[in-house]
Amino acid sequence: MSDGPPIAADAPRYNFREAEPKWQRAWEERGCFHVADLPSGQPPKYYVLEMFPYPSGKIHMGHVRNYTLGDVVARYKRMRGFEVLHPMGWDAFGLPAENAAREREIHPAQWTWENITTMRAELQRMGLSLDWSREFATCDPDYYGHQQKLFLDMLAAGLAERRESWVNWDPVDGTVLANEQVIDGRGWRSGALVEKKQLAQWFLRITAYAPELLAALDQLDRWPERVRIMQAKWIGRSEGARLRFALTRPEAAIREVEVYTTRPDTLFGMSFLALAPEHPLALAVAAHDAGAASFVDECRRMGTSEAVIEAAEKKGYDTGLRVAHPFTAEKSFPVWIANFVLMEYGAGAIFGCPGSDQRDLDFARKYGLPVIPVVLPPSADPNTYEVGDEAYDGPGTMINSGFLNGLDSERAKEAAIAELERLGAGSREVNWRLRDWGVSRQRYWGCPIPVIHCPTCGIVSVPEADLPVQLPEDVDFRPPGNPLDHHPTWKHVSCPRCGGAAQRETDTFDTFVDSSWYFARFCSPHSVVPVGRRAADFWLPVDQYIGGIEHAILHLLYARFFTRAMKATGHLSIEEPFAGLFTQGMVTHESYRTAAGHWLYPEEVEKLADGKAIRRDTGEEVAIGRVEAMSKSKRNTVDPEAIISRYGADTARWFILSDNPPERDMEWTEAGVAGAFRFTQRLFRLAENIAASPKAERPPQFSKTAHALRQSTHRTIEAVTVALESFAFNVAVARIHELANALGEAERSEPDPGLAWARREAIEAVTRLIAPMMPHLAEEINTRLNPASGMLVAEMPWPEADPDLVAADTVTIAIQVMGKLRGTITAAPGADPNSVISAAMAEPNVARALAGKRIVKQIHVPGRIVNFVVAR
RNA sequence: GCCCCGCUAGCCUAAUAUGGUAGAGGUGCCGCGCUUAGAACGCGGAGGUUCCGAGUUCGAGUCUCGGGCGGGGUACCA
């Protein structure tokens, strides 16, 4: 990438290469962004936090977007007089470091710390208003040691427990695989068919808080609606019944099967019972039935991913067992093992009602099982109604349902549950989709779980004095499996309780644990306890949290739970960590592909005037592919470092803010960046032209032109303020463009003293309005306008709009007849409705449309519209 | 599969949480000016079944229902 053209010293151009480092140093020297753990002053606090990055190597455009958005908020709130906490750190444990270790024989710690060094420098070049004195990485023993303490407290409080659960097992590598490491049912490295395997693992009891986590969503009024909906569905409260089906003959001492259903009303529509492949009864059958065993094996090879299991073709195996129906003892139904029944949800078994559930219907059609309609849709004819290809799961009237016949489905649910309870066959139950959080990982690069397994005493907590349990540094990644497990000495310890030979837990925590409390640690990052209580009480909750929508469920739900668990164990006073949440969209780019099918990076491609694209080196024409999320595999990435060195941080920031609403995906385009760059130069020139003439006295009267400019200035202040408050940064940018256009027009107008004053007022306002978005340019313009002041824009207050200049002089009102626009009139704001309506009727075009018609209704929305409804 | 979201000039998008004249701003295109602020600059202009189909309403880009396309999540990627 070229360094760009030399910039002549005397050219009135903004030299960002010189200015950006200069202002970054100035902010640092003045400590503009440092705050105390416990500030002593009066200002209200504001905690801005962006999701901290995983140190993958270099920052990418998604980071630039995320941290730009957060920085705008932080700088704006600072100018509004808040004491702003804006920290940064590193989500430093995780799988990629271990992959790098295996692939390139570099230690995960070295790889991680080198990445952090690189990425910290990149972030610093963006000019972010961060308090770097609070920086930490989750792989610091200091951080994870405190995390171990939090876990031990939760264990003591009964919020952690150990139980069996399933993992993806690669039998060749002898390793547990992440879902993303399973490709088409095979291990990504070995290619071996993956199996589910049961392991003893640690769980955090998030389900204990399910009702609270659901109920509190209503109070999160500064969270996006869609995130709250997604979380509510994920927690998934349902009301239904748990009921037991008796087997017609026992199987391995199992006499009945429990089922959970949300549709007890449809029990008469049952045609089969289906078990999850991991269900004890399924396993009991498989023990002596080769067909069942092979089907269960096949299901195990699908791995643990819900997306894979649910998207797979519905398949089953008839065990030959039958169950009696609780309402009609004479009838019995076949028991199948089905690949779409999840062991983790409900009772791990369902009754199939093909008429009322699409999956059950698909299954019944495939295996020739009966389909009995039991719910008649409201508009259907009871004499002819049949279930075709689509199951009906809506409300309706019960048919073919014995004692439930004629009831609507809601009342039938109640009646069915009452009957189940009378028969002793089942009972009402509230069920949750949410499962407990499995936190054990069989990996090296994570926080060690601080327990010891003693053959005599069982599970023993590591004594607090021995924390942190540190990762050993001398590890060997060549053998398959967990390096902690095959380390020669690390796991061998004596039991803290009985002193006998014992072994450390070799599992480490899920990295979501690390990110579930970092926001609290930032309040007092050097505290000797996990969270300095007074600092946390002062700063928390986070006022504005910003990050990707991909974290809408897991990370945010885990952090909400962890905060409650930390309160329960005496570490925090709050329940909800994030009072405000903003979720940003992705950064996308065109992709380019040669005829031979090779992806090319944008910098390898030249776009021609006719819209086509060629390879720079060979001139070969390349196909322009879809605009999609930047990814290394498609090579449609743009390196932020290259953009910043070529155009400067302010240009990158401005472009990111200018085009799209931040919650939506944005397309990175060369033309867009170039436009942002031109605007930085344009603003700089406008400012230089004003700085060149001495400050004018404020005149008692303003010319019409000057007054109009002043109105633009104050309306822009007003509009930008509203836009920033509502995250409409693209609108804020547009308003500033407008004011720049007005300044350009003023530059060309007949000069007068009042206009000179108004121009300076306008550019001073622009300087502050752009300061959150283009902080370096704002400082540079400010020193030129006020060379002697010594003030930094970073320390200035936000401008205030004069309401008299904001108010509109006149409004244009649209006049419709029967909803069709027929003309417009102008009126004073708040004009008398009668005079507006008579003026509307007098408008010539309107008068023509009304001629000879009788007005039956007139609608007047003051300041906007008049609509006449006439008789036909 | 299931849950959630998005779709407006060639392209990105605005249109007060609450329905009221479809266009603020950028980019691209066309034209004019200037001839050096050069990766030019300044000014002007054209450009539309608001994804499709129904419904509610005096009035729908906005609300409801159905469909299409695209995206996020799906519990061990972060």
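Chain letters run A, B, ... following the sequence lines, proteins first, then strands; residues in each count from 1.
Of the possible donor and acceptor atoms, one in the side chain of A/Glu98 sits under 3.5 Å from a partner among the backbone N and O of A/Trp445. Using modelled atom types, one side-chain atom of A/Thr138 and one backbone atom of A/Ala92 make a donor-acceptor pair closer than 3.5 Å.
For the pair A/Val811 and A/Lys857, nearest-nucleotide mapping onto RNA chain B gives the more 5' position to A/Val811. Toward the 5' end of RNA chain B, the nearer of the two residues A/Tyr647 and A/Pro96, judged by each one's closest nucleotide, is A/Tyr647.
Among the protein residues, A/Val866 comes within range of no part of the nucleic acid, since none of its heavy atoms lies under 4.0 Å from any strand. Note on A/Ser56: nothing from the nucleic acid sits closer than 4.0 angstrom, heavy atoms only. Using a 4.0 Å heavy-atom criterion, one finds that A/Gln201 contacts the bases of the nucleic acid, with or without backbone contacts as well. Here A/Met51 lies out of heavy-atom contact (under 4.0 Å) with every strand. Among the atoms of the strands shown, none is found under 4.0 Å from any heavy atom of A/Glu663. At a threshold of 4.0 angstrom between heavy atoms, the contacts of A/Phe655 with the nucleic acid are absent. Among the heavy atoms of the strands, none lies under 4.0 Å from A/Val308. Counting any heavy atom pair closer than 4.0 Å across all strands shown, A/Val733 reaches no nucleic acid atom.
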Annotated protein contacts, base or backbone, on nucleotides 3-17 of chain B with a non-hydrogen cut-off under 4.0 Å, one of B, S, - each: SSS-S----BSS---
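Of the P atoms belonging to B/G19 and B/C30, the separation is 42 Å, rounded to the nearest Å. Distance check on atom P: B/G26 versus B/A46 gives 16 Å, rounded to whole Å. One C1' atom belongs to B/G25, the other to B/A15, and the distance between them is 12 Å to the nearest Å. Comparing B/C51 with B/U13, their P atoms are spaced 12 Å from each other, to the whole Å. Comparing the P positions of B/A17 and B/U62 gives an interatomic distance of 14 Å, to the nearest angstrom. For the C1' atom pair drawn from B/C69 and B/A60, the interatomic distance equals 23 Å after rounding to whole Å. Across the C1' atoms, B/C65 and B/C58 are found 23 Å apart, a figure rounded to whole Å. Comparing B/C41 with B/U27, their P atoms sit 9 Å apart, to the nearest whole Å.
No hydrogens or angles considered: a donor-acceptor pair under 3.5 Å links the side chains of A/Asp510 and A/Trp437. Between the side chains of A/Glu747 and A/Asn689, at least one donor N or O sits under 3.5 Å from an acceptor N or O. A/Ser515 and A/Asp91 share no donor-acceptor pair across their side chains, judged by distance under 3.5 Å alone.
B/C2 is paired with B/G73 under the criterion used here, namely a Watson-Crick or G-U wobble arrangement in which both key atom distances are under 3.5 Å. Base pairing of B/G45 is made with B/C29, judged by Watson-Crick or G-U wobble geometry with both donor-acceptor distances under 3.5 Å.
Nucleotide B/U74 holds its C1' atom 18 Å from the NE2 atom of A/His555, rounded to whole Å. Taking atom CG on A/Asp393 and atom C1' on B/G1, their separation rounds to 14 Å, with Å as the unit. One interatomic measurement links the two molecules: CZ of A/Arg433 to C1' of B/A75, which rounds to 8 Å at whole-angstrom precision. As a whole-Å value, the separation of A/Ile235 CD1 from B/G73 P is 19 Å. The nearest whole Å value for the distance from the CD atom in A/Gln681 to the P atom in B/G38 is 9 Å. Atom pair A/Gln231:CD and B/C2:P shows a separation of 22 Å (rounding to whole Å applied). One atom, CG of A/Leu434, and another, C1' of B/A75, lie 9 Å apart when rounded to the nearest Å. One can place OH of A/Tyr14 at 17 Å from C1' of B/A39, the figure rounded to the nearest angstrom.
Distances from the side chain of A/Ala734 to the nucleotides B/G20, B/A24, B/G1 place B/A24 closest. Of the candidates B/G38, B/A24, B/A75, B/G38 carries the atom nearest the A/Arg13 side chain, counting heavy atoms from C-beta on. Between B/G20, B/A75, B/G1, one nucleotide has an atom nearer to the side chain of A/Ile859 than all others, and that is B/G20. For A/Ala814, the side-chain atoms get nearest to B/U21 when compared with the rest of B/C76, B/U21, B/G42. Residue A/Asp510 places its side chain closer to B/C76 than to any other of B/G20, B/G28, B/C76. When distances are taken from the side chain of A/Asn741 to each of B/A75, B/G26, B/A78, the shortest belongs to B/G26. Relative to the side chain of A/Ile865, the nucleotides B/U21, B/C76, B/C58 differ in distance, and B/U21 lies closest.
Taking the centre of each ring, A/Tyr518 and A/Phe52 come in below the 6.0 Å mark. A/Phe677 and A/Phe679 have their aromatic ring centers separated by at least 6.0 angstrom.
A/Asp357 contributes atom CG, which lies 7.0 Å from atom CD1 of A/Ile350 (distance to the nearest 0.5 angstrom). Atom CG of A/Leu724 sits about 5.0 Å away from atom CE of A/Met773, to the nearest 0.5 Å.
A sub-4.0 Å separation between OP1 or OP2 of B/G26 and a side-chain N or O of A/Arg678 is absent.
Taking only distance into account, the side chain of A/Glu306 never meets the base of B/C2 through a donor-acceptor pair shorter than 3.5 Å. Contact of A/Arg646 with B/A39 (side chain to base): a donor-acceptor pair of N or O atoms is detected under 3.5 Å.
Taking the charged nitrogens against the carboxylate oxygens, A/Arg822 and A/Glu843 have no contact shorter than 4.0 Å, which rules out a salt bridge.
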